[in-house]
**Q** 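Have a look at this one before I ask anything.
Throughout, protein chains are lettered first and strands after them, A, B, ... in sequence-line order, and every chain is numbered starting at 1.
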There are 2 protein chains.
Amino acid sequence: MNIRFANRVTSAPRSFTRKILDLTKDTSVISFAGGLPDVTLFPHELIKSELDHILQADNKTIYQYSPASGVVELREELAKGYQNSNAEEILLTNGSQQGLDLICKAFINEGDAIVVESPSYLAALNLFALYNPDIIEVKLSANGVDTEQLEEIFKTKKPKFFYAIPTFQNPTGWSWDQKTREEVARLAKKYDIIIIQDGPYDALRYEGENPIGFDTLLPEQTVNLGTFSKTLVPDFRIGWMRANKDLISVFKGLKESTDLQSSKVFQYVAANILKKGKLPAHIAKIKATYKTKRDTMVKALNEHFGSIIDLEIPQGGMFLWIKFPDDIDTMKMFDAAVKENVAYVPGSVFFRDQGISSYARLNYTNATLDEIKTGIKSLKKAYQTYTSK
Amino acid sequence: MNIRFANRVTSAPRSFTRKILDLTKDTSVISFAGGLPDVTLFPHELIKSELDHILQADNKTIYQYSPASGVVELREELAKGYQNSNAEEILLTNGSQQGLDLICKAFINEGDAIVVESPSYLAALNLFALYNPDIIEVKLSANGVDTEQLEEIFKTKKPKFFYAIPTFQNPTGWSWDQKTREEVARLAKKYDIIIIQDGPYDALRYEGENPIGFDTLLPEQTVNLGTFSKTLVPDFRIGWMRANKDLISVFKGLKESTDLQSSKVFQYVAANILKKGKLPAHIAKIKATYKTKRDTMVKALNEHFGSIIDLEIPQGGMFLWIKFPDDIDTMKMFDAAVKENVAYVPGSVFFRDQGISSYARLNYTNATLDEIKTGIKSLKKAYQTYTSK
């Protein structure tokens, strides 16, 4: 039969991620390509003991249908992470990715302008594209976005929202400085623009202090997205949105239409872990491990590449964003890398216009220290093969 | 600030369900309004023992990110429920409601025609409305849809799909007979229309035999939706889609963009329960209980209302669909019912055009036998109060 798909399907950009994941199923490949947390750090025993506790409790309705907003005990705990917030300002979602989908549903009419950092999170770009907006990029540097360019966009395009990952950004690992945040808040207020602050890596700071977030600078106009995928485990599929309660009420209605509700069992587990104050010690362990991995990768990169590459060392997160000389196309170099059994994500996929080809995103959290050393050595070989052609 | 929502939000129909749920939070109200399974039948011990088994196994990656399609062991088991199917034809979703959202994403451009039964499942109607299609209703009777009207719609409107719940439909409890199914399959083939067969109540047949489904009659053009919400527990949030593998591949891409993946833990639990053959005995227990509840409600209705109401007794499912005399408006009678501490869903909300006002949907699975007897008695009082005005 002739299947008549919607335009959003037929015009969807080809997913390069899928290609990478397929290629790197081969276990002999050391992959710096994904964005996976270190599986050896998952707190199996902590989870199991809370799970037993919850399922032993005489909670007969735990498996019944329940409201779309999610378990109130967890929403109360999460609200404590924001200034002057409360459970009514929190909606639990199926990972923070679902939060992005609900935001698209809430705001985007076909052709509406929205703003993203350039580069930005690939899976957000792919999702946004399904709603056919006019996606406008604002240039990101190591200290934050270009606020002059942003003001011009706000003024002339009246975007529905600005989607930003101000701390340890994906793909760059970069963080906006305090001055940039304050200027962006001022502009958003002046031009009446919603800020979507995605914060999956906020808790993974190894050094320094987190700047003040938009939930404090401009709470009424900000939607915060959070997740346990990087601090507990991805499979909980627990993300959350924080926004003023009128916005949350709209998101909740859309959540209900989309999949009724998320599962409560692991929401209770997460709530208990937070209530008992067990998360900070676990996160400290994650950060210590990731810091060592970051340092190992930076050292190996310096050793093998020296001044060939440019690199800003981020104070946390999960990624390094390295720049090869301008004439290097990391997409073309990718095959050489896979031949050397190492994988990364070519930087161009994170740009809407895909014009910039000399970057690569390297994830260091999922590989062992030995794999990091071997992998960077292999990457150098791939670089030599590629450039000697 | 002035929040500029998308049109789909500002034009969304007011959710009556929400109003009902709010009203019936009052525990003195006997509610026949929801669609909740009987919480006393939930297999807590069975779930706990499989959960322990799975989490004791040395499965270090169970909590890691994983492919959008879901756990293969469960997809293999589910494929056995369809003719000549396999794991590649199954996608696991966050409840079958998410399947509906992915179907909308895959097929609906604004203004596209789609067909639904009249009446149909309220949460599907609300979801579809977010995609701004032209929703066309085809009349449903106790033996199935009006196939002449359907052919006219297929011919003139070229709908993207026909969304149907052919077995123990929500809200009516009615089932299409075999002849109707075959004729609909013939028409769908002739006019190249996708059939969405939603089957949440298929397993809840107390009497008779299930007719042949569209997965057998027209597998290439059918998308089946299934769920464990009625046979195990709603909070698993495990639904599935069955379709040919090219369609599944599109749905999987959309699932990945929407929320990356669903949680695997309860997918493994469900897979083990199926593999060990423990589901049929559990479902037998559910059916025996629900049959008694149905019979109790039918008896009470006959006793108190006699020939005042019309009712087709369904051979399974979770609902009775009763028709009061034509001049009764069950929406207006609802307040009188709540005053008597009993709730139902007024039939008009299940019709797109809301023209038909004399029906009510009664759920009998969530109340005890005593509550059913008391509740129907109260409903009669409400009817008398309402008609004596």
Side-chain angles (χ1 to χ4, degrees), chain A residues 1-9 12 15 34 36-37 39-40 42 44 47-48 51 55 60-66 94-95 97-98 101 105-110 112 123 126-127 130 160 192 194 220-221 229 233-237 247 250 253-254 257-266, chain B residues 1-9 12 15 34 36-37 39-40 42 44 47-48 51 55 60-66 94-95 97-98 101 105-110 112 123 126-127 130 160 192 194 220-221 229 233-237 247 250 253-254 257-266:
Chain A
M1 77 172 299
N2 166 36
I3 296 177
R4 294 165 293 149
F5 288 113
N7 300 337
R8 69 178 72 81
V9 169
S15 169
L36 304 186
V39 77
T40 67
F42 289 171
H44 288 272
I47 295 170
K48 183 67 167 66
L51 199 52
L55 296 178
K60 289 209 186 311
T61 60
I62 192 165
Y63 292 127
Q64 184 60 289
Y65 283 112
S66 51
N94 202 30
Q97 188 75 18
Q98 187 183 44
D101 187 51
K105 281 198 168 98
F107 296 117
I108 302 180
N109 292 323
E110 208 169 314
D112 278 352
N126 287 342
L127 175 62
L130 293 178
K160 282 293 183 76
D192 230 15
I194 298 260
E220 288 301 296
Q221 270 172 246
S229 293
V233 294
D235 199 70
F236 276 9
R237 308 306 303 124
L247 278 176
V250 168
L254 294 167
S257 290
T258 300
D259 65 0
L260 304 186
Q261 56 161 117
S262 293
S263 174
K264 290 181 291 299
V265 177
F266 289 114
Chain B
M1 79 173 295
N2 166 36
I3 296 177
R4 294 165 294 147
F5 287 113
N7 299 337
R8 68 176 74 79
V9 169
S15 170
L36 305 184
V39 77
T40 67
F42 290 171
H44 288 272
I47 294 169
K48 183 66 168 68
L51 199 53
L55 296 179
K60 290 210 186 308
T61 60
I62 191 165
Y63 291 127
Q64 184 60 289
Y65 283 112
S66 52
N94 201 30
Q97 187 75 17
Q98 189 184 43
D101 187 51
K105 282 199 168 98
F107 296 118
I108 303 181
N109 291 322
E110 207 169 314
D112 277 352
N126 286 343
L127 175 62
L130 293 178
K160 281 293 182 77
D192 230 15
I194 299 259
E220 288 301 297
Q221 271 174 246
S229 294
V233 295
D235 199 70
F236 276 8
R237 308 307 302 126
L247 277 176
V250 169
L254 294 168
S257 290
T258 301
D259 65 2
L260 304 186
Q261 56 161 116
S262 294
S263 174
K264 290 183 291 300
V265 177
F266 289 113

**Q** For the CG atom of B:L130 and the OG1 atom of A:T258, what is their distance to the nearest 0.5 Å?
**A** 6.5 Å
**Q** Give me the ring orientation class for B:F42 and A:Y63: parallel if the planes are under 30° apart, tilted from 30 to 60°, perpendicular past 60°.
**A** perpendicular
**Q** Write down the atom of A:K105, the atom of B:R8, and the distance for their closest heavy-atom approach.
**A** O-NH1, 2.7 Å
**Q** So how far is it from A:N2 CG to B:D192 CG, rounded to the nearest 0.5 Å?
**A** 6.0 Å
**Q** Once rounded to the nearest 0.5 Å, what's the spacing between atom OG of B:S263 and atom CZ of A:F236?
**A** 8.5 Å
**Q** Where on B:V39 is there a heavy atom nearer than 4.5 Å to chain A: the side chain, the backbone, both, or neither?
**A** both
**Q** Relative to chain A, which segment of B:V265 carries a heavy atom at a distance below 4.5 Å: side chain, backbone, both, or neither?
**A** both
**Q** NZ of B:K264 to CG of A:D235: how many Å apart, nearest 0.5 Å?
**A** 3.5 Å
**Q** With no hydrogens and no angle check, do the side chains of B:N126 and A:S257 hold a donor and an acceptor under 3.5 Å apart?
**A** no
**Q** With rounding to the nearest 0.5 Å, note down the distance linking CG in B:L51 to CG in A:L55.
**A** 6.5 Å
**Q** Please answer whether the main-chain N or O of A:N94 pairs with a side-chain N or O of B:D259 as donor and acceptor at a distance below 3.5 Å.
**A** no
**Q** Output the option from B:H44, B:Q97, B:Q221 having the highest count of non-hydrogen pairs under 4.5 Å with chain A.
**A** B:Q97
**Q** Drop me the distance from B:L247's CG to A:F5's CZ, to the nearest 0.5 angstrom.
**A** 5.0 Å
**Q** Flag the one option from A:T61, A:T40, A:D101, A:I62 with the top tally of heavy-atom pairs under 4.5 Å to chain B.
**A** A:D101
**Q** How close do B:A6 and A:F107 get, counting heavy atoms only, and between which atoms?
**A** CB-C, 3.5 Å
**Q** Identify which of B:V250, B:N109, B:I194 forms the greatest number of heavy-atom pairs closer than 4.5 Å to chain A.
**A** B:N109
**Q** In terms of heavy-atom pairs under 4.5 Å with chain B, which of A:Q261, A:Q98, A:K60, A:E110 leads?
**A** A:Q261
**Q** Determine the option with the most heavy-atom pairs under 4.5 angstrom with chain B, choosing from A:I3, A:V233, A:L254.
**A** A:V233
**Q** Side-chain contact test, heavy atoms from C-beta onward, threshold under 4.5 Å: evaluate it for B:S262 versus A:R237 and give yes or no.
**A** no
**Q** Using heavy-atom distances under 4.5 Å, tell me whether A:L260 contacts chain B through its side chain, its backbone, both, or neither.
**A** both
**Q** With sequence neighbours left out, write down each residue that passes salt bridge (Lys or Arg N to Asp or Glu O under 4.0 Å) with A:K160, or none if nothing qualifies.
**A** A:D112
